[in-house]
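Only one structure is covered here, and it is reproduced in the block below.
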Amino acid sequence: MSALVEFAAVQKSYGEKRVLPGLDLIVREGEFLTLLGPSGCGKTTALRLLAGFESPDSGEIRLDGQCINVLPPERRPINTVFQSYALFPHLTVAENVGFGPRMHGESRAAIDQRVAEALALVRLSDLADRKPAQLSGGQQQRVALARALVNRPRVLLLDESLSALDYRLRKAMQSELKALQRQLGLTFLFVTHDQEEALSMSDRIAVLREGVIQQLGAPREIYENPANRFVAEFVGDSNLLAGVVIRRIDAVRAEIRIGNQTFALRADPAMQPGEAVHIVLRPEDLRVASLPQGAEAGHRLHGIIQDKIYKGVTLDTLIRLDSGALIRASEFFDADDPSFDYELGERVAVGWVADWETVLRDSGEH
């Protein structure tokens, strides 16, 4: 896919607060790219700069290779779906959707046709004459989406546009949005702080922290191979264990001490003896076994059961390791499996399949 949008060394400050210290990012044509990060990380600012609602202090924003820094919002082939939807309460669904083409002076026949097409895309044709107050939250979200799509934008921006929906509806709309994006082949730039939302919908994810991209890649790459401790902790649930490199085994593995145990783990060739590291273990990759049966097999840590949390499909087990660290294992629950009958205070082994861990350099940041 070719580059459609490019942020080149884009800086933006509000007073003395620098929100974007120099954003470099390429959005490919036809992809679903998500900006993911905590509140205040600069993701919405990037969206507003692209839409033309704000101007960068320096750097360039390019569309199809052309700088659009000074182009007003109405002249950019870009539309935004906001968190609040911002529908006109006194207009019908059809009138809300047709507002943009009407402002551009299109004929009534052309507007009617485009509105009908947009409403069909979001499956609201039968609600064209209703007012926003007569719609559910999910239906209002679809109207806002149709109002953006009717303008046939090159890029569709979505700013936390699902966060106002309840959990079940939000899950349904995630699938619908992704399916619609694939159907239309449009470029979607989505902003969210919801990691699950980003993982399930995106072609690529840019994880931001204080305006700086920490990692850019496919959802699976970011989840399974986080670039640093911040990404590991922010994207998905993680157990982070402190370790020290004892010696290099070869170019791809090192002997690493965790507490009073040592393990042969995948480690960057640059990691050298004496270096402090963190080992990332995802809860779903851990397996709990009673001692002594699980004492020696595979990668095993030893500890005591602190708590068990039943979640229906899964059972979360909290284990206090001999090193003092508290970790969580999440396993599919099977009422007929006696291994789930651990008692609080029981001593167990916690294992994982070799190479399911990630070893990160200790940057000292949290």
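Basis for what follows: all heavy atoms, side chains included, without hydrogens, waters or symmetry-related copies. Fair warning: this is a prediction, and the values are worked out from it, not measured in the lab.
Listed for the T358 side chain is a donor-acceptor partner under 3.5 Å among the backbone atoms of E224. A donor-acceptor pair under 3.5 Å is absent between the side-chain atoms of D285 and the main chain of L281, judged by distance alone. With T187 contributing its side chain and G30 its backbone, the two residues share a donor-acceptor pair below 3.5 Å. A donor-acceptor pair under 3.5 Å is absent between the side-chain atoms of R147 and the main chain of G100, judged by distance alone. Without hydrogens or angle criteria, R248 side chain to Q272 main chain gives no donor-acceptor distance under 3.5 Å. Remark: the backbone N or O of E343 is paired with a side-chain donor or acceptor of E346 at under 3.5 angstrom. Using a distance-only test at 3.5 Å, with no hydrogens or angles considered, a donor-acceptor pair links the side chain of R253 to the main chain of A264. No donor-acceptor distance shorter than 3.5 angstrom exists from the side chain of Y223 to the backbone of A232, with no hydrogens or angles considered. Without hydrogens or angle criteria, K43 side chain to L208 main chain gives no donor-acceptor distance under 3.5 Å. Checking side-chain atoms of R266 against main-chain N and O of D355 turns up a donor-acceptor pair under 3.5 Å.
When hydrophobic clusters are built by joining Ile, Leu, Val, Met, Phe, Trp and Tyr residues whose side-chain heavy atoms come closer than 4.5 Å, directly or via intermediates, V122 is grouped together with V143. Residue L240 is not grouped with residue V245 when hydrophobic side chains (ILVMFWY) are merged at heavy-atom distances under 4.5 angstrom, including chains of intermediate members. I319 is connected to F263 through a chain of hydrophobic side-chain contacts under 4.5 Å among Ile, Leu, Val, Met, Phe, Trp and Tyr, so both are in one cluster. Under the 4.5 Å side-chain heavy-atom criterion for ILVMFWY residues, no single connected hydrophobic cluster contains both L50 and F188. Hydrophobic clustering, with ILVMFWY side chains joined whenever heavy atoms are under 4.5 angstrom apart, keeps V288 apart from I304.
Annotation: the span from D194 atom CG to M201 atom CE amounts to 10.0 Å, rounded to 0.5 Å. Remark: D316 CG to I309 CD1 distance equals 5.5 Å, nearest 0.5 Å. With rounding to the nearest 0.5 angstrom, the CD1 atom of I111 is 11.0 Å from the CD atom of E95. Remark: L286 CG to T317 OG1 distance equals 10.0 Å, nearest 0.5 Å. Between atom CH2 of residue W352 and atom CD1 of residue I279 there is a gap of 8.0 Å, rounded to the nearest 0.5 Å. Here the CG-CZ distance, from N69 to R62, works out to 9.0 Å after rounding to the nearest 0.5 Å.
With contacts defined as side-chain heavy-atom distances shorter than 4.5 Å, the pair I61/V10 qualifies. Two residues are said to be in side-chain contact when any heavy atoms from C-beta on lie closer than 4.5 Å; L124 and Q139 meet this criterion. Taking 4.5 Å as the limit, some side-chain heavy atom of L321 sits within range of a side-chain heavy atom of I327. The closest side-chain heavy-atom distance from V207 to V235 is below 4.5 Å. At a threshold of 4.5 Å between non-hydrogen side-chain atoms, the residues L4 and L63 count as touching. No side-chain heavy atom of R18 sits under 4.5 Å from any side-chain heavy atom of E210. Y342 is listed as a side-chain neighbour of V348, based on a closest heavy-atom distance under 4.5 Å. P101 places a side-chain heavy atom less than 4.5 Å from the side chain of V150.
In terms of heavy atoms, Q140 sits closest to L135 at NE2-O, 3.3 Å. Across A146 and L119, no two heavy atoms sit closer than the pair CB-CD2, 4.4 Å. Between D237 and Q195, the closest heavy-atom pair is N-OE1, 4.3 Å. Across S13 and D57, no two heavy atoms sit closer than the pair N-OD2, 2.6 Å. The nearest pair of heavy atoms linking P153 to L186 is O-CD2, 3.0 Å. Nearest approach of P132 to P89, heavy atoms of both residues: CD-O, 3.7 Å.
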Can D203 and R182 be said to form a salt bridge (charged side-chain N to carboxylate O under 4.0 Å, His left out), step by step?
CA-CA 11 Å; D203 296 319; R182 286 175 176 161; 5.4 Å; no
Using the side chain to side chain donor-acceptor pair (under 3.5 Å) rule, take H193 and E160 through it: C-alpha gap first, then chi angles, then the decisive distance, then the call.
CA-CA 8 Å; H193 62 271; E160 303 274 9; 3.2 Å; yes
Verify side chain to side chain contact (heavy atoms under 4.5 Å, CB included) between I256 and V277, making sure each step is shown before the conclusion.
CA-CA 9 Å; I256 295 175; V277 294; 4.1 Å; yes
Any chance you could lay out the side chain to side chain donor-acceptor pair (under 3.5 Å) test for E284 and S330, step after step, and finish with the verdict?
CA-CA 5 Å; E284 66 272 17; S330 182; over 6 Å; no
For I222 and L36, run side chain to side chain contact (heavy atoms under 4.5 Å, CB included): C-alpha distance rounded to whole Å, both residues' side-chain angles, the deciding distance at 0.1 Å, then the answer.
CA-CA 11 Å; I222 285 177; L36 175 67; over 6 Å; no
Determine whether L156 and V81 satisfy the following criterion, side chain to side chain contact (heavy atoms under 4.5 Å, CB included), listing intermediate values before the conclusion.
CA-CA 8 Å; L156 185 64; V81 179; 4.2 Å; yes
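Heavy-atom neighbours of R102 CZ from other residues, nucleotides or ligands within 6.0 Å: above the threshold of 12.
Side-chain atoms of D129 and T92 include no donor-acceptor pair closer than 3.5 Å. Under the 3.5 Å distance criterion, with hydrogens and angles disregarded, a donor-acceptor pair is assigned to the side chains of K178 and Q181.
F88 belongs to a hydrophobic cluster whose remaining members, ordered by chain and number, are L91, F99, M103; membership requires side-chain heavy atoms of ILVMFWY residues under 4.5 Å apart, directly or through intermediates. Grouped by direct or indirect side-chain proximity (heavy atoms under 4.5 Å, Ile/Leu/Val/Met/Phe/Trp/Tyr only), I246 sits alone.
Looking at R204 and E221, no side-chain N of the basic residue comes within less than 4.0 Å of a carboxylate O on the acidic one, giving no salt bridge. Remark: D307 does not engage R320 in a salt bridge, criterion side-chain N to carboxylate O under 4.0 Å. Using a 4.0 Å cut-off between a side-chain N of Lys or Arg and a carboxylate O of Asp or Glu, R152 and E117 qualify as a salt bridge. Between D64 and R154, at least one side-chain nitrogen of the basic residue sits less than 4.0 Å from a carboxylate oxygen of the acidic one, meeting the salt-bridge criterion.
Geometrically, K12 engages Y14 in a cation-pi contact, judged by NZ or CZ lying under 6.0 Å from the ring centre and within 45° of the ring axis.
Among R282, E233, H278, the single residue meeting the side-chain hydrogen bond (donor to acceptor under 3.5 Å, both in side chains) criterion with S238 is R282.
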